[in-house]
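Report on one structure; see the data block that follows.
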Protein chains: 2
Amino acid sequence: MNIKDIASLTGLSVATVSRVINNHSSVTKETREKVEKVIKETGYTPNFLGRNLRVSKTHKILVIIPTIGNLFYSEILEAIQEASTNSGFNILIGITNNDTELEKKYMELLTTKQVDGAILFLSRFDKEIMTAWSKKFPIVQCCEYTRGSDVTNVSIDNKQGAYDAVSYLISKGHTKIGAIRGQLYFASEADRTDGYMQALSDNGIERDLKYSYVTEYTMEGGKKGAEALMRLENPPTAIFAYGDTIAIGVIKTLKDMKKIVMNRKDGKRNVAVLGFDDIPLCTLFTPTISTVEQPKYQLGVTAFNLLMEKMNDPDMENKSVVLPHRLIIRQSSEF
Amino acid sequence: MNIKDIASLTGLSVATVSRVINNHSSVTKETREKVEKVIKETGYTPNFLGRNLRVSKTHKILVIIPTIGNLFYSEILEAIQEASTNSGFNILIGITNNDTELEKKYMELLTTKQVDGAILFLSRFDKEIMTAWSKKFPIVQCCEYTRGSDVTNVSIDNKQGAYDAVSYLISKGHTKIGAIRGQLYFASEADRTDGYMQALSDNGIERDLKYSYVTEYTMEGGKKGAEALMRLENPPTAIFAYGDTIAIGVIKTLKDMKKIVMNRKDGKRNVAVLGFDDIPLCTLFTPTISTVEQPKYQLGVTAFNLLMEKMNDPDMENKSVVLPHRLIIRQSSEF
DNA sequence: AATGAAATTGTAATCGTTTACATTTTGTAT
DNA sequence: ATACAAAATGTAAACGATTACAATTTCATT
């Protein structure tokens with residue numbers, strides 16, 4: 001059952017049938033109704049393989065994302081899905097677990113014309129590669145960017161976010177502030193490290209490299225980090241985690257170690273913890289988790305809208321959109 | 001740059017170029033190398049729109065899923081992604097939030113030939129519709145099934161799982177056992193309810209409808225459920241939550257109400273909580289959460305493999321695969 | 001009724017592949 | 001050298017839509 005069949009059944013040409021399907025104005029009301037009747041009776045639906053080839057469009061976008069097991073990403077992804085569904089686009093998803101080979105493999109969906117554009121949650125490729133890709137395909141980086149590249153992106157000011165967080169901890173009297181971060185897969189991490197260091201130096205605190213721990217962006221990673229930092233002879237009194245998932249692992253570990261005891265006044269054995277992202281769990285955990293909020297929904301929607309712009313006008317100049325973050329103080333950073 | 005260009009550049013016909021690309025054996029080593037050289041030099045990649053139309057295949061599958069904000073689903077989805085990537089398939093994702101219209105809309109990706117098959121995390125359509133779909137397209141239901149339909153599916157024995165859970169609570173001396181479930185969007189819920197009731201009646205306990213609370217499958221839902229159940233004049237001493245996410249909401253609320261106090265011997269103000277799914281958070285929460293484990297990775301992989309079978313042999317008889325579950329006792333159900 | 005512009009419909013090329021079938025080339029046995 | 005089978009390559013028709021362009025119909029104007 002294809003458009004030809006509909007044409008013969010109606011006694012019209014494939015052209016007019018196509019025009020009916022695509023809502024062209026030049027078709028008379030009677031023929032439109034005649035065609036629609038037959039379409040309904042036969043249950044015909046156009047074959048998009050033919051259409052896609054002809055118009056060289058797929059109405060699909062690719063989202064390359066490290067994982068969806070982190071609520072930070074899944075929330076943004078749901079926002080992208082919502083926006084794209086409203087615009088008639090479908091999402092092809094590429095989960096990479098930060099495997100560069102996979103990332104490249106998914107990018108081939110662009111060269112082979114299987115998607116019209118892509119949203120990338122990654123920043124590990126050279127600026128030259130990113131710029132070249134952006135010249136060839138509509139792409140936008142989400143939550144990340146690649147320094148020195150010419151690629152449209154949307155993110156928060158990660159440096160400022162970290163600066164705000166660490167400054168707050170300092171204002172609370174902390175001077176020994178640990179940091180637990182990922183393995184620099186992302187530009188955002190480098191920026192947060194910049195913010196962390198800036199806050200320290202602005203307050204005349206010398207950075208102690210022993211206080212920086214590198215691990216995976218997981219609860220397990222947080223556990224390892226907390227254990228390592230607490231094993232130091234002069235352990236930090238506050239820990240800045242580069243992600244809430246890490247923060248949860250940290251707090252869980254500290255609780256098991258009895259290092260976190262809520263409502264102590266002396267503060268001696270307390271460790272303040274501050275996370276990043278503001279995932280839903282932050283308010284459900286005990287203690288509730290202080291964090292730097294990222295506007296997840298807006299990040300997703302903006303990424304999609306930027307991509308639409310790029311797809312409609314490939315020669316559009318690339319933009320960098322920075323959305324506001326917000327320091328949210330809950331229990332985990334307080335004594 | 002298309003296959004014709006490569007043909008002229010090599011002085012061969014498009015047919016042999018195509019044969020090289022598709023690794024046909026009938027092409028001589030010299031010509032193969034000649035073609036590959038030109039392909040490499042020009043950076044040519046085949047346009048899948050042409051190929052897909054010709055062979056009437058997309059190498060894409062659709063996954064229709066209620067949400068990815070629940071770690072239960074995201075873990076299964078990651079398993080599906082891994083399996084499909086290994087087999088050269090890509091995933092189109094349809095997040096529905098249980099919106100039936102959206103579910104239908106995503107199903108159109110099958111009729112319009114935009115995907116080769118689909119994995120469905122839903123069970124709300126009539127058995128007639130499901131059976132008809134299954135006749136027309138390769139589909140498999142994952143975690144769910146539709147009673148009376150003829151559709152390939154994979155899930156655990158939800159009734160038995162619930163039975164095990166509730167029986168355990170009874171064995172611990174509970175007789176007033178609350179249940180918090182979703183809005184019967186899923187067959188799995190009905191089965192769990194069956195198991196819950198069976199366990200009660202097998203132990204001579206009469207079911208009190210006041211102990212059943214219906215809400216959303218979220219932490220917020222758990223909160224509402226816990227509040228409602230605890231407000232009863234004769235509140236339950238144990239709560240069976242149909243999902244760990246609900247369980248987390250319940251426990252959080254009970255903690256806030258001081259209804260859960262770990263290590264009490266008298267048990268008076270304690271409420272036992274038992275969840276379902278075994279998401280990673282179960283071990284991180286305080287108290288750690290007792291639950292019925294579903295083999296998430298296996299569910300995903302099996303769903304994909306079943307779909308592959310169906311796609312390779314559309315006339316294959318439909319199968320129902322049941323994977324083992326496991327009752328995991330942690331702290332939340334103990335005094 | 002004849003005219004011509006506007007509205008509607010039709011014809012056929014096109015998108016980029018794959019693949020039956022036809023043709024040519026190669027290689028072996030005589 | 002010849003004949004013939006096997007191997008390699010080429011020709012051209014699909015796949016199912018969209019869309020210039022051409023042809024036809026409609027309809028107001030004279």
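Within every chain, numbering begins at 1; the chains are lettered A, B, ... in the order of the sequence lines, protein sequences first and strands thereafter. Everything quoted here is computed from the prediction, not taken from an experiment. These numbers come from the heavy atoms of this one structure, side chains and all, not from hydrogens, waters or symmetry mates.
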Handout entry: Between A:Asn52 and A:Lys113: side-chain donor-acceptor atoms closer than 3.5 Å
Key = no
Fill in the blank from the handout: Here the distance between atom C1' of C:dG16 and atom CD of A:Gln114, to the nearest Å, is 13 Å
Handout entry: Nearest-0.5 Å distance, CG of residue A:Leu122 to SG of residue A:Cys143
Key = 11.0 Å
Exercise for the section: With sequence neighbours left out, write down each residue that passes ring pair (Phe, Tyr, Trp, His ring centres under 6.0 Å) with A:Phe125, or none if nothing qualifies. Expected result: A:Trp133
Exercise for the section: Measure the spacing between CD of A:Gln81 and CD1 of A:Ile61 and express it to the nearest 0.5 Å. Expected result: 9.0 Å
Handout entry: Distance-only donor-acceptor check, side chains A:Tyr106 and B:Thr85, under 3.5 Å
Key = yes
Exercise for the section: Work out how much the helix from C:dA1-D:dT30 to C:dT30-D:dA1 bends between its end axes, five pairs an end, to the nearest 10 degrees. Expected result: 50°
Exercise for the section: Find the distance between OH (B:Tyr145) and OG (B:Ser155) and round it off to the nearest 0.5 Å. Expected result: 7.5 Å
Practice task
Starting at atom CG of B:Leu12, determine the distance to atom P of C:dT23, rounded to an integer number of angstrom.
Solution key: 20 Å
Practice task
Return yes if some donor-acceptor pair links the side-chain N/O of A:Asn22 with the main-chain N/O of A:His24 below 3.5 Å, else return no.
Solution key: no
Problem - Residue-phosphate contact under 4.0 Å: B:Thr31 side-chain N/O, D:dT9 OP1/OP2 - result: yes
Exercise for the section: Compute whether any side-chain donor of one residue and acceptor of the other, for B:Glu78 and B:Tyr297, lie under 3.5 angstrom apart. Expected result: no
Please enumerate all protein N or O atoms sitting under 3.5 Å from an N or O of nucleotides 15-22 of chain D, with distances to 0.1 Å.
{"unit_1": "D:dC15", "atom_1": "O2", "unit_2": "B:Arg54", "atom_2": "N", "d": "3.4"}
{"unit_1": "D:dG16", "atom_1": "N2", "unit_2": "A:Gly50", "atom_2": "O", "d": "3.0"}
{"unit_1": "D:dA17", "atom_1": "OP1", "unit_2": "A:Tyr44", "atom_2": "OH", "d": "2.7"}
{"unit_1": "D:dA17", "atom_1": "OP1", "unit_2": "A:Asn47", "atom_2": "N", "d": "2.5"}
{"unit_1": "D:dA17", "atom_1": "OP2", "unit_2": "A:Ile3", "atom_2": "N", "d": "2.4"}
{"unit_1": "D:dT18", "atom_1": "OP1", "unit_2": "A:Asn22", "atom_2": "OD1", "d": "3.2"}
{"unit_1": "D:dT18", "atom_1": "OP1", "unit_2": "A:Asn22", "atom_2": "ND2", "d": "2.9"}
{"unit_1": "D:dT18", "atom_1": "OP1", "unit_2": "A:Arg51", "atom_2": "NE", "d": "3.0"}
{"unit_1": "D:dT18", "atom_1": "OP1", "unit_2": "A:Arg51", "atom_2": "NH2", "d": "3.3"}
{"unit_1": "D:dT18", "atom_1": "OP2", "unit_2": "A:Ser18", "atom_2": "OG", "d": "2.5"}
{"unit_1": "D:dT18", "atom_1": "OP2", "unit_2": "A:Asn22", "atom_2": "ND2", "d": "3.2"}
{"unit_1": "D:dT18", "atom_1": "O2", "unit_2": "A:Arg54", "atom_2": "NH1", "d": "2.1"}

